[in-house]
Each structure stands twice: as structure tokens, then as C-alpha cells.
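Lettering of chains follows the sequences in order, A, B, ..., and the numbering in each one begins at 1.
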Amino acid sequence: MVILAYNDGQYNFQTVERKWQNIWEKENTYRVPNRSEKPNYYVLEMFPYPSGALHMGHIRNYAIGDVVARLKTMSGYNVLHPMGWDAFGLPAENAAIQRGIHPVEWTRENIANMRSQQKRLGLSYDWEREVTTSDPEYYRWTQWMFLLMYNRGLAYKKLAPVNWCPTCQTVLANEQVSEGGCWRCGTPAVEKDLEQWFFRTTDYADRLLKDLDLLDGWPERVRTMQEHWIGKSEGTDVTFPLPGYENGITVFTTRADTLYGVTFMTLAPEHPLVTKLAQASPRKREIMAFVDKCRQESKIERAAADMEKEGMFLDSYCLNPLNGERIPIWVANYVLMDYGTGAVMGVPAHDQRDFEFARKYGLAIRVVITPPGTELQADDMTGAYVEPGILINSGPYNGLTNLEGLKRINAHLKDQGFGVPSVTYRLKDWLVSRQRYWGAPIPIIYCSHCGTVPVPETDLPVLLPEHIDFDPSLMSPLAHVAEFINTTCPKCSRPAQRETDTMDTFICSSWYYFRYSDPKNDRLPFSKEAAAAWLPVDQYIGGVEHAVMHLLYSRFFTKVLYDAGWVQKVEPFTNLLTQGMVIKDGHKMSKSKGNVVDPEEIIAKYGADTARLFILFASPPDKDLEWSDQGVEGSWRFLNRVWRLVKGLDVFGAIDDAHDQLSRADRDLRHKIHRTIKKVSEDVEDRFSLNTAIAAIMELVNEIYRYKDNVPSPDQNKALLKNALENVLLLLAPFAPHITAELWQQTGHTENIHDCAWPKWDETALEVEELTIVVQVNGKVRDRLVVAADSSSEEIEQLALTAPKVQPLLDNKQVDRIISVPGRLVNIVVRP
RNA sequence: GCGGAUGUGGCGGAACUGGCAGACGCGCUAGACUUAGGAUCUAGUGGGUAACGCCCUUGAGGGUUCGAGUCCCUCCGUCCGCACCA
């Protein structure tokens with residue numbers, strides 16, 4: 001606080017901010033009813049994981065959301081702006097393991113600290129709606145959601161090879177693994193078979209894809225990412241007969257037109273036929289050793305780009321369904337069991353991967369599509385030919401375009417019973433089981449008589465046991481708590497065992513935005529009326545890192561709840577803003593890089609208003625933001641400039657104003673006021689351009705200073721100045737809520753500034769008396785003309801042609817034509 | 001490899017529909033006030049040049065146009081996402 005010792009003229013943000021935060025807290029200013037006479041508006045920032053303290057990314061997220069919330073409130077909406085905690089998850093459990101703190105305690109302390117930080121930011125949350133996902137009153141309904149999925153046939157259990165992180169001792173979904181390692185700790189993932197609960201997201205794949213069209217309030221790039229993630233692919237399931245096996249081998253292909261070019265078949269190492277076929281091979285031992293080797297590499301490693309393609313011949317053959325040709329069957333590491341059918345037909349001439357594989361193992365390459373006019377020779381090829389062309393070596397289909405061939409071959413396959421149209425998605429079912437303590441227990445009971453029995457709704461929540469052994473070597477902590485496991489069957493009352501897996505935390509965050517509409521409901525997750533009053537979220541704001549998983553899962557939940565009749569809309573978030581990262585010295589802020597700026601320090605030194613203002617001013621919200629300590633200083637100076645301006649002008653008392661006519665300076669200032677209102681309103685509401693909105697307010701402040709300094713005191717229009725200052729404060733209020741509230745009160749206003757109406761601009765004040773017209777000759781600016789606003793194009797052109805700086809350039813030249821853009825420029829096009 | 005961004009002064013960025021490039025802020029320079037300045041105010045600040053003139057300038061090169069940071073083509077750099085998807 002060195003600065004304050006020097007600067008007696010500066011405003012005391014500590015006092016001001018504390019004062020207003022206390023008032024807002026005491027008066028419950030931001031509590032919002034579900035219904036009022038105003039229209040509802042729901043703005044939501046992605047709720048945080050309570051890691052311990054807020055970082056700059058949080059501040060940015062909340063600052064943006066708070067501007068929207070406050071602006072919408074001033075614009076006459078009943079605004080829901082809630083906050084809560086995504087409180088289940090690994091770090092709490094790791095803290096328990098490493099430091100012996102119980103997750104309940106650790107989470108409670110972190111939330112208390114972060115909530116107090118949020119309060120010191122002056123965010124307009126309705127704290128009465130706060131939710132915490134690790135609270136039994138919340139996870140009770142998360143369990144209810146699981147039962148909803150279960151009862152609708154959308155939750156099921158299967159044995160599946162999963163990514164296993166040896167460090168976290170947990171299963172990782174494919175999408176939770178980055179660069180071959182666990183997304184949390186980086187440990188290389190290995191493969192392991194476990195019985196797991198899944199949600200049938202693939203049942204909704206088509207709707208998740210199609211309804212992206214409804215999301216025109218989302219960034220294009222997020223929709224594209226989801227589209228690629230879902231990865232719809234339309235093709236054919238083609239069955240290759242396999243002597244001795246009734247069902248043959250089925251492959252999924254989008255390229256049935258290349259069927260005559262199949263020279264080998266490849267199976268994934270996990271494919272059930274591999275073991276069977278290997279039994280018949282003299283090299284059985286070798287083959288099984290190869291399969292084992294493949295299975296030890298995790299799926300992630302096998303999917304790596306530079307993975308060497310490897311395979312082995314299985315000493316078996318299947319038959320091409322079109323011509324009965326014998327096709328050798330291989331097992332290959334590049335075929336994935338969980339995409340398509342786990343078997344791929346090898347067409348080396350027209351698929352690059354197959355081409356590489358065939359060249360490596362000396363398999364035949366047969367061209368069946370050739371560019372028109374030439375005939376492609378297999379021996380000359382250096383890569384697969386994947387372009388369209390004309391079918392050759394394809395029996396009755398020779399000479400057709402491959403597209404026409406595709407249609408006819410598909411029809412033929414269908415007739416003969418060898419092929420059915422098929423759609424395959426890249427999207428997988430959602431693995432929701434976690435072998436962890438700190439999550440919502442899956443509400444399932446296993447009874448030796450009744451089998452798998454869901455916990456009755458009336459018995460929810462299934463509570464986490466408090467006393468727990470966090471020995472990290474225990475795969476699943478709950479599996480060691482007898483009083484948790486042992487229960488009675490809800491159906492037959494015999495002794496039975498509970499499921500010991502807990503739920504993926506993405507489930508908790510897939511429905512929290514519904515809970516905010518009715519957070520205290522102890523009979524339902526939320527009432528239909530409350531949800532209908534608020535949902536969908538009008539404006540959702542969060543990091544682009546959630547572009548796929550969280551947003552896709554939330555969309556899935558919303559659709560299921562819609563199908564079950566709980567909600568009226570099929571999409572949860574009407575408008576989405578994905579904010580950019582906060583960068584320092586060119587890199588993302590991270591502890592490992594040592595470039596972290598602690599928000600706590602900034603708020604302590606400059607206050608919340610300055611911190612918020614800088615972070616919003618430094619960059620457009622959807623772009624990355626380069627942190628600058630000096631930039632913060634600039635925002636601090638600006639707020640002080642506003643403070644001094646308002647305090648220094650005595651215009652708020654009884655106004656005895658003799659100015660019944662506006663001077664030129666008055667009219668210019670009035671014009672600037674209304675232009676600023678228009679610009680700020682449009683920048684914020686139409687295009688989220690918060691940085692330019694703040695710049696416009698700064699310009700207005702500069703203009704008021706100029707007026708004050710340049711117009712002699714007796715000539716100053718006090719009513720106008722008062723109006724100017726009031727508008728500055730109103731426009732600035734959503735960005736810097738404390739200082740504006742204080743100045744508003746200090747200038748004699750009794751109403752809270754945040755309850756005032758957002759200012760409206762007056763179109764007549766936007767009209768100008770004079771315009772500056774640029775004069776160009778051959779596209780180069782040569783002069784500027786100040787003309788009356790109502791001048792005609794002809795008048796302006798005449799003035800331009802005779803302008804002193806222009807005329808010499810027209811000597812000995814012929815004027816070809818003159819282009820006039822009204823209100824902007826005149827371009828005189830000349831020839832020598 | 002595929003997909004998506006993105007490239008503008010010393011720095012963050014502005015220019016919304018093809019019409020004055022560099023708004024606003026930071027930094028810097030000079031001055032004022034001052035015991036002092038890390039406060040405040042004034043003036044200046046893209047580059048070149050003796051020039052209030054003139055020329056150049058939005059990653060590079062071409063093109064369309066009266067006019068291009070903005071549209072089209074080719075290339076280069078940076079960042080992000082996904083990746084054997086049959």
C-alpha cells in the first residue's frame with residue numbers, strides 16, 4: 001500500500017469496495033425470484049472446481065459474466081446469475097492421501113476461500129442459489145439422474161478394455177488422455193479390463209449432431225469441434241464369408257466401390273476371431289505373442305501418428321462376397337476394436353494405411369479406380385489413389401464412375417444378403433464408472449437372488465461413508481468399507497452388496513444449471529415450472545477447453561431430460577461465449593512456467609474494479625489475453641480520473657442554469673455522450689466487444705475533461721455536464737460496480753446505480769452539423785474538406801475539384817470519373 | 001498428416017458492410033507543478049527524409065477494384081485441436 005501513502009487525491013478503493021460489498025450482502029441485493037413482472041434472463045459462468053484459490057482465468061470468466069448480468073439487469077430483465085462448486089474430483093482425494101485432510105474438510109475450506117474471493121470481486125451472484133455437487137443434498141439428485149438413465153435403458157454395464165492410470169488408480173476415458181498419458185498427472189496410460197458402467201451417448205449421436213444446427217448462438221469453431229467429435233460416417237456393413245464360420249467377417253466401409261480391390265483382411269488384436277483362427281495355425285504361439293504385445297500397448301500408444309504398422313498372417317482366408325476370391329486374413333495393430341466392427345478390408349491401391357501395410361508385407365496391390373484417360377499401374381504407385389475415377393478390374397462394374405459403382409455395388413450386396421447400409425460414429429458411449437471415493441456413489445445394489453437392483457428413489461442419497469482409508473494402493477476405497485457395501489436388497493430384503501464405483505464428475509456438471517433454477521427443492525432435482533422459467537441458459541460463458549466434453553455431455557443430459565418430460569427445450573445453452581486464455585510472457589499461466597500472477601495481489605493493490613476493468617479492456621473476451629502489470633496501472637489511473645472528474649465538478653447541486661441555448665461546444669459534448677451510449681450498448685450487446693466499449697467510455701471521459709478545461713467556467717453548461725457524468729457512471733457501472741455505486745451515491749442519488757435503467761441514446765443528438773470528407777486522387781488521400789452535413793454530392797465534388805491541394809494534381813490530366821461515398825470520401829480518378 | 005484459428009507501431013489492441021490504417025490504453029520523449037514524483041497536467045510519439053512537403057507501411061508475393069488490413073490465389077511463420085475413423 002505504498003502508493004496510498006503518496007496519493008491523497010486517489011480514491012480509497014478498500015473502503016469503497018468493502019462498503020458496497022457489505023451493503024449488497026446485507027440487503028441481499030442480487031437475490032432473484034423465479035417469476036417477476038420483468039422478463040427472465042439467465043447468465044451463467046461455468047462453475048469452478050474448488051482447487052483452493054481463484055486464478056486469472058476465473059477472474060476473466062466472472063468479470064465477463066458480471067458485465068452481462070448487470071447490463072441485463074439495468075436493461076430491465078429479471079436476471080438469474082448463480083454460482084456453485086464442481087466439488088467432487090481427484091485433487092481432494094490426493095490431498096487426503098498426501099496430507100491426511102479429509103476431502104470434506106479440504107473441499108469446505110477451499111470453497112470458503114474462493115467464495116470470499118468472489119465476494120471481494122463484487123460479483124452479482126444470488127448466493128442463496130449456491131450449489132455444491134459434493135453436498136448430499138446435491139448428489140442425491142445426481143444419483144437420481146443415474147436412475148433416470150438406468151430406467152430409460154441408457155445406463156448399462158459391460159466388460160471393456162479401458163485406459164488405466166497407474167498413478168491415479170483410475171480409469172480414463174479416451175478423451176481424458178493426452179499425449180499417451182493421464183490428463184491430470186501425465187502418467188502413461190495402460191490397458192486394463194474392468195466391468196464398467198456406461199451411458200448410451202451413442203443412442204443420441206444423431207440428435208447431438210443434428211441439433212448443432214439450432215445453436216447459432218455458439219461459436220462456429222465449437223460446433224465444428226463437436227461435429228468432428230461425433231464423427232458420423234455413412235457406409236455399409238459388408239460380410240465376407242469365412243468357411244467354417246456361419247457369420248463370416250463383417251467390416252464397415254464407406255468405400256464399397258473399392259471391393260474388387262480388396263487383397264487382404266485385417267482384424268484388430270482384440271477381435272474374437274483372432275484367437276479362434278490362430279488355433280488352426282501352425283504359428284499359433286507366435287500369433288498369440290503378437291496379440292499380447294499389441295494389447296499391452298495402450299490404445300493411446302497404438303493411435304500415435306508415428307506408430308509402426310505391424311501385423312501377422314493368420315494362415316486363414318475369407319471370401320470376397322462379390323467374386324468369391326480368397327482373401328488372406330491378417331491381424332494388425334492399427335485396427336481398432338472399438339471403431340466400426342474391429343475388422344477392416346484392405347484396399348491398398350486406394351487407402352494410404354492399407355498401401356503402407358501392403359508394401360511392408362509384400363501383399364498384392366490391385367488398382368480398381370483410375371483417373372479418367374489413363375490407366376494407373378500398381379507398380380508405379382508411391383501412395384494410394386483416393387480421388388474419384390473410373391472403375392476397372394471390377395467385373396460388371398468396369399467403366400462406371402466410382403460413385404455410380406458405389407450405388408450399384410451396395411444395391412447388389414443388399415440383394416445378395418452380404419451388405420446392409422450402416423452408420424458409424426466416432427463418438428463412444430460414456431464411461432461413467434470411477435474407482436474412487438470422492439464422487440457420487442452409483443445407486444445400484446447387487447443381490448444374489450434379484451441381480452442388479454437400482455436403489456429406490458426414496459432411499460436416496462446413498463451417502464459416502466465418512467471414515468475411509470485413503471491408502472493409495474487400494475484400487476477402490478469404497479470396496480473396503482464393510483458398512484457401506486453390506487446392505488439389504490430393496491426387492492427381497494436379503495443381504496446384498498452395493499456398487500462401489502462412484503460417478504464421473506462430468507455427470508455432476510451436466511445438470512447443475514437446472515438445479516440453480518430450484519436449488520432448495522428436497523422432493524425433486526428441480527421443478528418443471530422452475531426449469532421452464534429459466535432454461536435454456538441465455539448466455540453461457542467459459543473456457544474453450546470445455547468445447548467438447550462438458551458441453552456435449554450437458555447437451556446429452558438435456559435431451560434425455562426432455563425425452564423424460566422434465567424440460568421443454570432440447571438444448572441447454574442458447575448463446576455460448578468461449579473465452580480465451582490468460583497469457584503471460586507468451587505462455588499460458590502455469591505454476592511450472594513460474595509466470596502466475598495471483599489475483600489476490602492485484603485486488604489487494606488496486607481493488608476489484610481495477611482488476612476487472614483491466615482484464616476486460618486488455619483484449620476481446622474470446623481472444624487470449626496478455627497479462628500486463630503496467631496495463632493494470634492504466635486501468636487504475638482511469639478510475640481515479642473518473643473519481644476526480646466527478647468529485648471535482650460541482651454540478652449535482654441545485655442547478656441554476658441560464659443556458660437555454662446550447663453552444664457549439666455544448667452540442668459537440670452532447671453528441672459525444674449519445675454516440676458513446678450507442679457504441680457501448682451495441683458493442684456489449686451485439687458483439688461482446690467489451691474492450692472497445694471501455695475504450696469508448698474512456699473517450700467520453702477525455703472529452704468531458706476537454707470541455708471542462710477549455711470552456712470558460714461561466715459558459716459551462718452545468719446541466720449538460722451533470723448529464724455527461726451521470727452517463728459515464730451508468731455506462732461504467734457493469735464494468736466497475738463499486739466506484740460507480742459510490743460516486744452515484746455521493747452525487748446525491750438515492751437509487752442504487754445498479755437498479756437504474758441503462759441509458760438510451762437520442763437519435764437527434766447523433767446528427768452532426770459538419771462532416772469531414774476525404775478527397776482522394778487515384779485512391780490516394782490528398783485533402784480533407786469540412787462541409788455542411790446536408791451538402792449534396794455535386795457540391796462536394798465541386799469543392800473537391802477546386803481544393804488547393806488537389807488542383808495541381810489535375811493539371812494536364814483528364815478527369816476520368818469521380819466516385820462519391822456519401823459522408824465519407826470523394827475519389828477523383830484521372831488519366832494523363 | 002487432417003482440421004481450425006491467427007499474423008497490424010516498442011507493447012496490448014482498434015478499424016463492425018471494401019472507403020482517412022494505428023481508436024483506446026501501456027511504454028517512451030519533452031515540458032509544467034513540485035522538497036520530491038512512482039501523483040497530476042500539457043505537448044509529441046508507425047518508419048524514412050533537410051522539409052508543415054514527399055515517399056513507404058497491416059507476415060511475403062501476385063490478383064480483383066476507382067479504392068484492399070478487409071475479397072481471391074500462392075507461399076511463410078506462430079498457436080490450438082484432433083489423429084491409423086476404414
Side-chain angles (χ1 to χ4, degrees), chain A residues 2-3 6-10 175 178 219-222 224-225 227-229 231-233 235 251-255 258 266 302-307 309 332-336 338-341 343-347 350-354 356-357 424-426 544-545 547-548 580-581 583 586-588 614 617-620 622-635 637-638 640-641 644 679 682-683 686-687 689 691-699 701-702 705 709 772-781 783-784 805 816-821 823-830:
Chain A
V2 183
I3 287 173
Y6 287 98
N7 302 330
D8 49 346
Q10 294 179 352
E175 53 257 62
S178 54
E220 182 67 39
R221 106 191 123 128
V222 174
T224 308
M225 283 167 84
E227 194 183 320
H228 290 331
W229 193 267
K232 183 176 182 171
S233 178
V251 301
F252 171 76
T253 182
T254 57
R255 294 299 305 275
T258 63
T266 46
R302 279 168 60 193
D306 45 7
M307 183 70 192
K309 289 175 183 56
N333 64 345
Y334 70 93
V335 181
L336 303 177
D338 53 10
Y339 184 80
T341 61
V344 180
M345 62 184 207
V347 187
H350 305 291
D351 182 283
Q352 186 58 28
R353 293 174 309 268
D354 297 345
E356 288 167 28
F357 192 75
T424 294
Y425 296 92
R426 183 187 173 278
V544 73
E545 66 272 19
V548 179
M581 288 184 296
I583 303 285
H587 301 284
K588 185 179 176 166
F614 167 70
F617 176 62
S619 171
D622 59 331
K623 298 274 162 48
D624 287 351
L625 182 153
E626 175 74 31
W627 184 265
S628 153
D629 289 335
Q630 287 167 333
V632 179
E633 200 83 40
S635 294
R637 283 206 289 258
F638 171 69
N640 277 291
R641 220 164 123 75
R644 285 193 307 271
K679 174 146 180 71
E682 290 178 349
D683 278 2
D686 300 350
R687 51 192 201 114
S689 187
N691 53 331
T692 53
I694 294 168
I697 301 171
M698 289 173 168
E699 283 190 56
V701 169
N702 292 345
Y705 264 101
D709 293 340
T772 302
I773 302 290
V774 166
V775 183
Q776 296 182 333
V777 177
N778 284 349
K780 284 193 196 297
V781 179
D783 205 354
R784 293 177 174 81
K805 286 184 185 166
D816 212 27
R817 57 170 156 155
I818 300 175
I819 289 159
S820 282
V821 180
R824 300 204 99 117
L825 61 71
V826 172
N827 187 11
I828 302 165
V829 184
V830 297

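Regarding D816(A), its CG atom lies at a distance of 9 Å from the C1' atom of C66(B), rounded to whole Å. Taking atom NZ on K780(A) and atom P on G53(B), their separation rounds to 15 Å, with Å as the unit. Here A83(B) presents its C1' atom at 17 Å from CD of E227(A), a figure rounded to the nearest Å. In this entry the distance linking OH of Y334(A) with C1' of A83(B) reads 16 Å, nearest Å. Atom-to-atom, CD of E699(A) to C1' of C24(B) comes out at 6 Å; the value is rounded to the nearest Å. Going from atom CZ of F614(A) over to atom C1' of C24(B) covers 13 Å, rounded to whole Å. Rounded to an integer number of Å, the gap from CG of L336(A) to P of A86(B) is 11 Å.
In this structure, N778(A) contributes its side chain and V830(A) its backbone to a donor-acceptor pair below 3.5 Å. At least one donor-acceptor pair closer than 3.5 Å links the side chain of Y705(A) to the backbone N or O of R641(A). The main-chain N or O of M581(A) is found under 3.5 Å from a side-chain atom of D624(A) such that the two form a donor-acceptor pair.
To the nearest whole angstrom, the two P atoms, one in C55(B) and one in A68(B), are 15 Å apart. Between the C1' atoms of G61(B) and A23(B), the separation comes to 30 Å (whole Å). U40(B) and A51(B) are spaced 36 Å apart, taking the C1' atom of each and rounding to whole Å. With both ends at atom P, the span from C20(B) to C11(B) equals 24 Å, rounded to whole Å. Separation of the C1' atoms belonging to G38(B) and G67(B) is 48 Å when rounded to the nearest angstrom. Between C41(B) and G48(B), the distance separating the two P atoms is 30 Å to the nearest Å. The separation of G31(B) from C80(B), taken at their P atoms, amounts to 46 Å, rounded to a whole angstrom. C54(B) and G59(B) have their P atoms separated by 26 Å, given to the nearest Å.
Regarding contacts with the backbone of C66(B), a side-chain N or O of R817(A) is found under 4.0 angstrom from either OP1 or OP2. OP1 or OP2 of C41(B) sits under 4.0 Å from a side-chain N or O of R641(A). The shortest distance between the side-chain N/O atoms of R644(A) and the OP1/OP2 oxygens of C41(B) is below 4.0 Å.
The shortest heavy-atom contact between G340(A) and T424(A) is N-CG2, 3.9 Å.
Remark on RNA chain B: of its neighbouring residues D709(A) and E356(A), the 5'-side contact belongs to D709(A), judged by nearest-heavy-atom nucleotide. Between F252(A) and A696(A), the residue anchored closer to the 5' end of RNA chain B is A696(A), taking for each the nucleotide with the nearest heavy atom.
E356(A) meets the side chain to side chain contact (heavy atoms under 4.5 Å, CB included) test with K309(A), Q352(A); sequence neighbours excluded. With sequence neighbours excluded, the residues that form a side chain to side chain contact (heavy atoms under 4.5 Å, CB included) with E227(A) are L209(A), L212(A). Applying the side chain to side chain contact (heavy atoms under 4.5 Å, CB included) test to S233(A) and every residue at least two apart in sequence or in another chain returns F252(A), T254(A), Y339(A).
For the pair T258(A)/M345(A), a side-chain contact is recorded, criterion being any heavy-atom separation below 4.5 Å from C-beta on. Two residues are said to be in side-chain contact when any heavy atoms from C-beta on lie closer than 4.5 Å; D629(A) and F614(A) fail this criterion.
Considering L336(A), T266(A), D351(A) as possible partners of V344(A), the one that fulfils the side chain to side chain contact (heavy atoms under 4.5 Å, CB included) test is T266(A). With V774(A) as reference, L825(A) is the one residue of N827(A), L825(A), V826(A) to meet the side chain to side chain contact (heavy atoms under 4.5 Å, CB included) rule.
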*For every nucleotide of nucleotides 5-21 of chain B, 5' to 3': is a protein heavy atom under 4.0 Å from its base (B), only from its sugar-phosphate (S), or from neither (-)?*
-------BSSSB--BB-
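Regarding the sugar-base torsion, G9(B) falls in the syn class, its angle being within 90° of 0.
D783(A) contributes atom CG, which lies 11.0 Å from atom OG1 of T772(A) (distance to the nearest 0.5 angstrom).
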_Let me check I have this right: for RNA chain B, each base becomes ., (, ), [, ] or |, based on Watson-Crick or G-U pairs with both distances under 3.5 Å. What is the full string?_
(((((((..(((......[....)))((((((.......))))))((((...))))..(((((..]....))))))))))))....
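N702(A) comes within 4.0 angstrom of sugar-phosphate atoms only, judged by non-hydrogen atoms across all strands, and of no base.
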Please list each protein N or O that sits under 3.5 Å from an N or O in nucleotides 26-31 of chain B, with the distance.
| unit_1 | atom_1 | unit_2 | atom_2 | d |
| --- | --- | --- | --- | --- |
| C26(B) | OP1 | R637(A) | NE | 3.1 |
| C26(B) | OP1 | R637(A) | NH2 | 2.7 |
| G27(B) | OP2 | R637(A) | NH2 | 2.8 |

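The side chain of Y339(A) has A86(B) as its nearest neighbour among C41(B), A86(B), A23(B).
In R824(A), the CZ atom is not crowded: 12 or fewer heavy atoms of neighbouring residues, nucleotides or ligands sit closer than 6.0 Å.
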